[in-house]
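Letters A, B, ... mirror the listed sequences (proteins, then strands); counts begin at 1.
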Number of protein chains: 2
Amino acid sequence: MKHTYEYPRAALTVDCVVFGFDSGAAGLQVLLIRRGLVPFKDHWALPGGFVRVEETLDDAARRELEEETGLKDLFLEQLYTFGTVNRDPRERVVSVAYYALTKPADHTTAASTDAAEARWFPVTDIPPLAFDHAEIFAAALTRLRGKLTYQPVGFELLPPKFTLTQLQRLYESVLGTDIDKRNFRKKVLSYDLLIPLKEQHREGAHRPAQLFRFDPVKYERLKKKGFLFEL
Amino acid sequence: MKHTYEYPRAALTVDCVVFGFDSGAAGLQVLLIRRGLVPFKDHWALPGGFVRVEETLDDAARRELEEETGLKDLFLEQLYTFGTVNRDPRERVVSVAYYALTKPADHTTAASTDAAEARWFPVTDIPPLAFDHAEIFAAALTRLRGKLTYQPVGFELLPPKFTLTQLQRLYESVLGTDIDKRNFRKKVLSYDLLIPLKEQHREGAHRPAQLFRFDPVKYERLKKKGFLFEL
DNA sequence: AAGTGATGTGTATTATTCACACGAAGTCAA
DNA sequence: TTGACTTCGTGTGAATAATACACATCACTT
C-alpha cells in the first residue's frame with residue numbers, strides 16, 4: 001500500500017477472447033476459464049488480469065494468457081477497450097480486450113496455475129459469463145467475422161496441413177453460412193495462396209483429400225493488403 | 001494526494017483525432033491544439049486529457065473535446081488503445097484514442113479554455129506532434145479510409161445540403177484517389193440514399209448543381225448493415 | 001463385386017465493374 | 001446579343017466477377 005496519486009485512478013486489465021477451430025463437429029470454439037476468486041467465483045470468464053505498470057498492453061495480454069491457459073505464441077490483436085463505470089463491482093476497472101486465434105489441438109489447454117480450470121466451448125453454446133464478458137465475446141466474434149472476409153486468417157486456426165474442405169468448414173463455421181463447394185475452391189485457389197502437397201489426407205471409407213499448406217510469403221502479403229472474401 | 005493503491009497504476013487518458021472536411025481546396029483536415037503545458041509545451045498535439053474515475057471513456061472523450069476545442073455532439077468512435085511503456089516521459093500513461101467527424105464550418109473552432117490554441121490542418125500537411133500522436137493520427141486516417149469504404153459516413157462530414165461533386169471530393173480526399181464522375185454518381189445513387197432537393201447550388205459562372213440530402217432512415221440502416229464502396 | 005461417402009471438377013447465366021466524351025446550363029465580358 | 005468559359009450531368013459497351021448447379025472419382029468396407 002504505497003502507491004499514491006493526486007487523483008483516483010482506474011485499474012487497468014486485459015481480457016482475451018481466444019478462438020480455436022476444431023475441424024470435427026465442434027467447429028469454432030472459445031476458451032474460458034472458471035474463476036477461482038470473488039467476485040464471480042466459479043463463474044466462467046475470459047482469461048485476463050491486471051496490466052503491470054512496466055509492461056505494454058500486448059505483453060500483459062500474452063502474459064495473462066500463458067499464466068491462465070498455458071497458451072503462448074498465438075495470433076493476438078487488440079479488439080476494443082471497455083470502460084463503463086460499473087463493469088466491476090469492486091471498483092473502476094477499464095479493460096483492454098484482445099482476441100486471439102489458435103489451434104485447440106496445438107497446445108495442451110489443461111493445467112493452469114492461476115485459474116481453477118480452462119475449457120473450450122463451442123461459440124454457439126457458451127455459459128453465462130462474469131462481468132461484461134458476454135459483451136466482449138460478442139464484439140470479438142463480430143470482429144473475427146469481419147476479419148475473415150477481408151484478410152486471410154485461416155492460417156492461425158488450422159493445422160499446417162489441411163484440406164480444402166477443412167478450410168471451407170472454417171469459413172462456414174465462423175461466418176455461420178453455407179458455402180458452395182466449387183465456388184469456394186475456385187476462389188481460394190485463385191488467390192494463389194495455397195500450395196498443394198504430395199500428401200493426402202485419408203480418413204474413413206471414402207476418397208482421400210488433397211492436403212495443402214499456406215504459402216507464408218503470399219499469406220503475409222495478403223494479410224497486409226487485404227483481399228475481400230465474399231461468398 | 002490521498003489516493004493510494006497496493007500496486008502502481010498507469011494514468012488513463014483519451015486522445016481524439018477530429019476530422020473535418022472542407023469542400024473547398026483544403027479537403028480533409030484534422031484539428032490540433034497547441035499544448036500550453038510541459039511536456040511538449042507549444043507543440044501541436046491531439047486534443048485529449050485524463051479520464052476521470054466516475055466517467056466512461058466515451059464521456060471523457062466528449063468532455064475533453066468540448067473543453068479544449070468547443071466542439072460537441074459530433075460523431076465519435078473508439079479507435080485503439082495505445083499502451084507502450086514510455087509514450088509519456090513523465091510516467092506510465094495509457095491512452096484510449098478516439099476519432100471524430102465534423103464539419104469545420106459548423107462550430108467555431110476558436111476559443112478554447114484549456115488549450116492555448118486550436119487549429120485545422122490539412123491531413124496532407126501536419127506539423128510534428130507531441131508524444132506518439134503522429135502514430136495515433138496515422139491509425140485514425142487508416143481507419144477512416146477503411147470506414148468510408150464499407151459504411152456511409154459522409155453525413156457526418158458534409159453540410160445538410162450538398163452536391164454530388166462535394167460528396168465525390170470527400171471520397172477522393174479521404175481515399176486519396178481520383179474517381180470517375182459518372183461511375184461515382186451511378187453508384188451512390190444506386191444506394192437510394194440521397195434525396196434530391198428542389199434547390200440548386202449556384203456558385204461561379206457555370207451551370208448550377210443539384211443539391212441533395214441524406215435520407216436519415218436509410219442512412220442509419222446502411223450504417224448498421226454496411227455496404228462496400230469500391231471505385 | 002457391389003455399396004458407401006466425401007472428393008474433385010466445368011459451364012452457362014447473370015450481375016458488377018470499369019473505361020470513356022460531349023451537350024447543357026448558367027455567368028461574365030466584350 | 002453573342003461568344004467564351006466553367007462546371008454539371010448523362011449512357012453504352014467491354015471485361016470481369018459472382019452465382020447456380022450435377023456427376024464421375026477414389027479408396028475403403030462388407
Can you measure [X] atom [atom1] to [N] atom [atom2] for me and round it to whole angstrom units?
X	N	atom1	atom2	value
B:F184	C:dC18	CZ	P	14 Å
B:Q168	D:dT7	CD	P	14 Å
B:Q210	D:dG9	CD	C1'	10 Å
B:H201	C:dG26	NE2	C1'	13 Å
A:Q166	C:dA6	CD	C1'	12 Å
A:D180	C:dA12	CG	P	17 Å
B:I179	C:dT17	CD1	P	13 Å

Among C:dT7, D:dC8, C:dC20, the nucleotide that comes nearest once only the side chain of B:A209 is considered:
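For the B:A209 side chain, the nearest candidate turns out to be D:dC8.
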Between the base of C:dA19 and the side chain of B:N183, is there a donor-acceptor distance below 3.5 Å?
yes
Ordered by number, residues from residues 186-197 of chain A within less than 4.0 Å of DNA chain D (heavy atoms) are A:K186, A:K187
Scanning both residues in full, the closest heavy-atom pair of B:L170 with B:G154 reads CD2-CA, 3.7 Å
Considering all heavy atoms, the nearest A:L76-A:A61 contact
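Closest approach of A:L76 to A:A61, heavy atoms only: CD2-CB, 3.7 Å.
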Could you give the angle between the helix axes at the two ends of the helix from C:dA1-D:dT30 to C:dA30-D:dT1, with five pairs per end, rounded to 10 degrees?
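Here the local axes at opposite ends form an angle of 10°.
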Listed by chain and number, what are the salt bridge (Lys or Arg N to Asp or Glu O under 4.0 Å) partners of [X], not counting sequence neighbours?
X	result
B:R213	none
B:D22	none
A:D125	none

Return the set of residues passing side chain to side chain donor-acceptor pair (under 3.5 Å) with A:K186 (not counting sequence neighbours), or none when no residue passes.
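A:N183.
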Residues at least two apart in sequence or cross-chain that pass side chain to side chain donor-acceptor pair (under 3.5 Å) with B:D192, listed by chain then number, are B:K218
Under 3.5 Å, sequence neighbours excluded: what are the donor-acceptor pairs made by side chains of residues 24-31 of chain A?
none

Once side-chain hydrogen bond (donor to acceptor under 3.5 Å, both in side chains) is applied, what residue pairs with a partner in residues 155-166 of chain A remain, sequence neighbours excluded?
A:E156-A:Y219, A:E156-A:K223, A:K161-A:E199
Protein-to-nucleotide contact annotation, 5' to 3' order, nucleotides 22-30 of chain D [B base; S sugar-phosphate only; - none; under 4.0 Å, heavy atom]
B--BBBBS-
Results of side-chain contact (heavy atoms from CB on, under 4.5 Å) for A:R63 - residues two or more places apart only
A:R52, A:E55, A:A60, A:E67
Just checking A:T163: base, sugar-phosphate only, or nothing, at a heavy-atom cut-off of under 4.0 Å?
nothing
Pick base, sugar-phosphate or nothing for A:E203, based on heavy-atom distances below 4.0 Å to the nucleic acid.
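Contact class for A:E203: none.
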Under 3.5 Å, side-chain donor or acceptor atoms of residues 128-135 of chain A against the rest of the protein: list the pairs with distances, not counting sequence neighbours.
unit_1, atom_1, unit_2, atom_2, d
A:D132, OD1, A:R87, NE, 3.3
A:D132, OD1, A:R87, NH2, 2.9
A:D132, OD2, A:R87, NE, 2.7
A:H133, ND1, A:L46, N, 3.0

